[in-house]
Structure formats: C-alpha cells, structure tokens
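Everything numeric here is computed off the predicted structure, so don't read it as measured data.
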Amino acid sequence: MPAPFAPTRINGNGHHKAPMDVEQIFGQNTFGLAEMKARLPRSVHKQLVATIEQGEPINVETADAIALAMKEWAVERGATHYTHWFQPLTGRTAEKHDSFITPNAGGGAVAEFSGKNLFQGEPDASSFPSGGLRATFEARGYTAYDPTSPAFIIEHNNVATLCIPTAFASWTGEALDHKIPLLRSMEAVNKQALRALKLFGDDNVGRVTATCGAEQEYFLIDESFFLERPDLLVAGRTLLGAKPPRGQEMDDHYFGSIPERVMAFMNAVEEELYKLGVPVATRHNEVAPGQYEFAPIFENANVAADHQQLMMMTLQRMAPRFGLACLLHEKPFAGVNGSGKHVNFSMGTDTGMNLLDPGHTPHENLLFLFFCTAVIQAVHTHQGLLRATIASAANDHRLGANEAPPAILSIFLGDQLTDVFEQIAESGKASSSKQSGFLGLGTPVLPHLPRHAGDRNRTSPFAFTGNKFEFRAVGSSQSVSLPLTVLNTTVAEAIDDLATRLEKALGKKRSKKAVENALRDVIAESIRAHKAIVFNGDGYSDEWHTEAEERGLLNLKTTAAALPQLTAASTVQAFETYEVLSEAELESREEVLTEQYVMTINIEAATTENMATTLVLPAAVRYLNELGEAAEALDDLDLDMSGTKKIAAAVVEQVNALQKAAGALSKARAAAHKAKDEAKAMQTKVIPAMATVRTACDALERLVPADLWPLPTYRDMLFVK
C-alpha cells in the first residue's frame, strides 16, 4: 500500500507555492505575438503578422530577425538547446535537441541561431512510419517552421528547451506528419468559405479559420500500482482484471469533490499549461472512479492541435511528481467508462463572426443555415471517412459500449434546429424558430434560468451544442489533427458544392432578395438529400442500429472495417481536389494506421500470454499447494475436506482452462502473422483468444487469496486516491 499523501505537497516536492496569478503567467513560456512585437523591428513584426493572418511568405531577412529575437528570448529563460518539435505519423510528437552553442576557430564557443536554423531542420526520416512513401534506407527528411503556432519553452528538472512547432516532410516533398495536411485543409476551408461569403455580399472578411476546442479525459492511478502492472506499462490498459464489487454504479464520482492529491496535480498541470498559453477552462471528475477531465476554450485548429499534444505530454510528465500515473488509453479498465476527447469544431472570421452561431432566430439566419447545411452534407457524404479518423485498437473498446457514441455516424441537431431544417425541407423556407424561454424552479429564492431551445444528447457522435459541432467519438489518446483535417476538407467540399449550386441558381442576379430565394432552394435540396444523417434519439439503443441500416448509414464496428475508407474513391477525389493529401499520401495513412492496429493487438496478446503464464498460473499453483497442505492437515485430524476439495477443484478447472487458452492464443498470434489480411485476423482470431485467457484469469482472481495474487486489483487502482 502506498504511503499516505501529505496535503502540504502541493507542488509535488513538498514545498508550498504562492497562489497562482493566471494573468501574469499565461503565455510566459511562449514566443507569442506580444513578445514578438516587443522584440522585433516594426517592419519584421508586420511581415510576421501578415504571414500568420494572411499566409504571406517570409523572406530571409525577416527569418534571421525572428531567429535572433527568439534565441535571445529563449536564452534569457535559461534555454541552452532548441528543437524542431513535430508530429510524425506515430500520433505523438518528436524532437531532436540542438545546442545554441557553436565552436569557433579560436577554440571558444558562441551562441548562434540563424533564420536557416529556425526555418529548416533535418531529422532522420527513416525510423518514422511513412506508409510506403519512403524506403527504410532513404533517411532524409525535413522539418519546416510553422509561424502560425508560437514557439515555446519546456521546463523539466531545471532544464529549459526551446521548442519550435514544425511540419515534417520527406526529401521528395510528401507529408510525413499530421500538421501539413491540417494546414492545407484549413486553407481549403478558408478559400471556399470566403467564396461563399462574397455571395452573401460580405467583402469585409479577409480570412476564415477553422477552430477547435478539444476536451481531454484521462485516468489517474497511484504510480506504485502502475509500475506493478506489466499490461499498463506495455499496453496502456489492463489486459486482466476482475470487476470490483463497486464500479461506477452509484454515479457519485461524476462532478464529485476532487480528491486532494488529484487537485494538487490538476493545479500544477494547469500552471504549466497556462505558461505555455494553453487556455484550459474546465476541470472535473468524470464518470468512472479515478477518471477526470480538462477542457480548453476555442482556438485556431492548428494551434489547438499543438496544444492538445502539449496537454497530453504535460499530464503524463507531471503525474509522477504526485506519485501518480496518468492513463490516456481509451479503455484502461474493462467494465467502467472509457475516455474520449470531444473535439468541438466551428469556423470563425477575422471580423469576429462565428459562422456556426445560429443567433436567437436561426430560421432567419441564412448565413448560419448555409454553413450548418455544409457540415451536415459533409458528415453524411463522408460518414465512413470520419469513422476511419477515430479508428484504433484502443477506441474499438469504447465506441458503442453504452458509454460513448456508437460506431454509426449521425448528427444531433436538437429540437430547434431540427424543426427549422424540417420546415425548409418541406416548403423551401422556415417561418419560425422554437423559442427557449425560462425555467422556473418553483421557489422565489432561486432565479428563473434561461432555458436553451433544445436539450443535449450525450449518445450522439456528432452533436450541435449551441454554436459549434462536438465530434464526441474521438479517442482520448489520439491526435486531433486527422479528425480536424477530414472535417475541414469535407466541409470545404460541401461549401464548394453549395456555393456552386447557388451561383448557378443566381446567374447574374446578385440582389439580396435573389440570394435569399436561391439560397433557400439550395439548402432545401441539400437537406432533403442528407437528412438521413440527422438523428436526435438514443444512440445506445438497439432500435437505432436497425433504423440506421434502413436509412443507409454505415455501421463500421471495427478498425479493420473502417480504415479502407481512407482510400475510398470519394476520399481520394475530395483530398486531391483541395490539395490536402495525394492518393499516395492517403494510402500511406491507411497503411500506417493498419500497421499500428496490428502491432497494438500483437503487443497486447503477447503481454496477455506472458502475464497469464508467468504471474497468474504460478499464483494459482501456489494456492493449490496451500490447499493440498490444508487437505493433508484436515485428513490427519479426520475432518470434513469437502469444502477444501471444492475450492481446489474450482482452481484446477480454471488453471486447466487458462493453460488451454494461453496455448490457443499463442497459435492464434502465429496464424494471424501468416494471414493475408493480418488486421482482420487480429480482430477475428487474436482478440477473442485474448478474451478467453482473460476470462480464466479473472475467474482465478476471484478464487486466489489476495496475499497470493500478483497484481494490483481494480479495487486498488480505481479507489486509492
């Protein structure tokens, strides 16, 4: 049992800290626009702002000036090294640290960092997954500075490193990362949205930006338990473990009082994230025991994706300081709520408009109706592709498990918007919007609360939540970049299609009345074609699966079934049309994700087999020896041994079942590696074989005494705070 947590250890090392001044520390470790403005010549700052806001290229002189200012800022904060921080197709981040110090001819050293160092790095590309874009022996790859995401300093054990967000490409120019396609897709949204806004007569908008706010769910367990579980160490989830007497049945953990050690951890994480400019706004207990959540506010989607990576890094880096381990796996514990990463998506203009804000009378807000229709059309047209973006061995455990949205993609609009779109579909126009009103609570001491015009639906994988869409099916451990890239690209395609139809209907007419009439017809036509994707009911129900099939919606239940959507003809056409990913780059993503799926299952299977044979079976045998010794003693005393024999028989039964199951798992793994479709073999043969091993192990956990059981149990891990 771990030592009791001392309340005074509020910063993880036993020292009190002064109260956090968020306004003072926010962004202090980022080389953001304010810091740039203070350090850069006016002309250079103006050029940089034009690059960030309008996509203007940066010249060499500007690059050198930025590099000098960035280096001076970083060195002042104790940084001795810099790194091009990038996001390869592993789904996490990568970095190679280079020193600012360069030897000179006189035998001394000088701190150097030029525009060339800032703009381009050259990490070895051969060891990162490329999905066939590069041969293993072809090692050259390039990182390129992304000026739209601010550089930052990571402080770790009194070591400070300047991290420069960069893109990662091959020597031949293909995207080997998640940032390049995300930036390309954001440009596609910008181009098509600006075109549509001009049809509305709005020439004031200079740029439209996809925005994201990605919530992060995670588990915390005592670090001592984590270190004693080979499955958590290797696979990130428990591969064995009997259900405890109590799980989440009491519904008392959700939004409950945050335990003291967890609160101290959260506070420390928030402080680190604030320094990095990550706008964390919410923290709370989640549904399962030991489960928690952080949620930031909206940002530019590219910056939000970088900040999401920083949040995951910070959570896992800070946890050991408090004697904790942070689990980001989608389903670390069977039988309790899994973890997601709800991605809130919208589009905003540089003039301050949220294009997905319906206002108080959405039936009159034609701009909102146009862009909302584009999202509905995009999700329906590319439902399989969106499902593929959330496909992983980990998320397969979560989707559809009565705790998360099903694998069937559908959109929740709520009563008000559904009514508006139904009016448009039936008559070509909407004449009213359901009003929200106020909620009376039956006592004068409580205020009358403004009530939204529609409820929320937590069973929906893609829900409208007031002024944004929430993609709820994204997994807790994955990068948000691929889902955002697909959302951007498919929405850009839908905006393009709707704008083209609107232009055709208008001809040379451009009066406000003509635009309104033509727009209603275009929206009505799209809604009639794509209304099958709208579902406001219970996504957990069996009836929905039947109804979804009748509607023609896809139900891609596994990663193996979903990933081929990445290279479907409709996907290739959209991504090549808007120059986001080539067919070869799409094929590489499918290959990488398939390989990751296969490797994940294989690692889990090997770990399951090893734990069963080297931990569980020996514990069971030791218990049998104790039972045998007890039986001999009882026999010598001429006492009834029937109860002892029954216990021994139950243990022997499960030992034999486990031995057989472990052998079958070994054979299933070997056969899967030889199968033509290895991913499908892993899904249909290896995963069931793992489940059989687990059944026997979990049965033995309920029989073997606690002092002989070799692993921390669910009861320990979920409830020791």
Side-chain angles (χ1 to χ4, degrees), residues 1-2 221-245 325 327 329 331-335 600-636 641-672 685-720:
M1 183 66 63
I221 66 170
D222 194 277
E223 188 180 28
S224 63
F225 297 149
F226 175 79
L227 296 175
E228 292 174 13
R229 294 280 315 205
D231 44 6
L232 287 178
L233 279 167
V234 175
R237 74 178 182 99
T238 54
L239 301 169
L240 312 175
K243 184 178 179 180
L327 309 179
H329 194 284
K331 193 75 170 178
F333 300 102
T600 298
I601 301 302
N602 186 57
I603 290 169
E604 290 183 348
T607 305
T608 299
E609 184 181 344
N610 178 265
M611 291 176 68
T613 56
T614 65
L615 292 173
V616 175
L617 279 174
V621 170
R622 281 194 291 270
Y623 183 39
L624 283 174
N625 286 334
E626 287 190 3
L627 289 172
E629 292 172 0
E632 289 182 8
L634 291 172
D635 188 41
D636 290 342
M641 297 185 298
S642 60
T644 305
K645 288 181 178 179
K646 286 181 180 179
I647 295 173
V651 174
V652 168
E653 180 184 0
Q654 295 304 327
V655 165
N656 291 338
L658 179 54
Q659 186 69 39
K660 181 180 178 181
L665 175 57
S666 180
K667 292 178 181 178
R669 285 178 59 219
K685 303 296 182 182
V686 176
I687 291 177
M690 288 171 58
T692 304
V693 171
R694 178 169 193 154
T695 297
C697 287
D698 292 356
L700 284 169
E701 183 181 333
R702 295 185 177 95
L703 294 169
V704 175
D707 64 324
L708 292 180
W709 192 250
L711 298 166
T713 65
Y714 273 30
R715 179 192 61 200
D716 301 325
M717 292 184 287
L718 290 173
F719 291 100
V720 172

- Message: Using the side-chain contact (heavy atoms from CB on, under 4.5 Å) criterion, which residues pair with Val234? Sequence neighbours excluded.
- Response: Ile603, Thr607

- For Ala699, check side-chain contact (heavy atoms from CB on, under 4.5 Å) against everything at least two apart and list the hits.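 With neighbours one apart ignored, the set is Gln654.
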
- Query: Between CZ of Arg229 and OG of Ser224, what distance do you get to the nearest 0.5 Å?
  - Reply: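 The distance works out to 12.5 Å.
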
- Message: Nearest 0.5 Å, please: how far is CD in Glu701 from NZ in Lys243?
- Response: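 Reported to 0.5 Å precision, the distance equals 13.5 Å.
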
Restricting to non-hydrogen atoms, name the atom on [X] and the atom on [Y] that form the minimum distance, rounded to 0.1 Å.
X: Ala648; Y: Leu624; result: O-CD2, 3.8 Å
X: Leu665; Y: Val686; result: CD1-O, 3.9 Å
X: Tyr714; Y: Thr238; result: OH-OG1, 2.6 Å
X: Glu604; Y: Ala235; result: CG-CB, 3.9 Å
X: Asp231; Y: Leu240; result: OD2-N, 3.6 Å

Residues 610-620 side chain polar contacts: donor-acceptor under 3.5 Å, at least two apart:
residue, atom, partner, partner atom, Å
Thr613, OG1, Glu609, O, 2.9
Thr613, OG1, Asn610, O, 3.3
Thr614, OG1, Asn610, O, 2.6

Sub-3.5 Å donor-acceptor pair from the side chain of [X] to the main-chain atoms of [Y], do we have one?
X: Ser666; Y: Ala662; answer: no
X: Asp716; Y: Thr713; answer: yes
X: Arg694; Y: Gly241; answer: yes

- Message: Do Leu327 and Phe226 make a side-chain contact, defined as non-hydrogen atoms from C-beta onward lying under 4.5 Å apart?
- Response: yes

- Considering only heavy atoms from C-beta outward, does the side chain of Ile647 approach that of Leu703 to under 4.5 Å?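 No. Closest side-chain heavy atoms not under 4.5 Å.
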
- More than 12 heavy atoms from other groups under 6.0 Å of CD on Glu228: yes

- What do the steps show when you test Phe333 against Ile221 for side chain to side chain contact (heavy atoms under 4.5 Å, CB included), and what is the final call? CA-CA 11 Å; Phe333 300 102; Ile221 66 170; 3.8 Å; yes

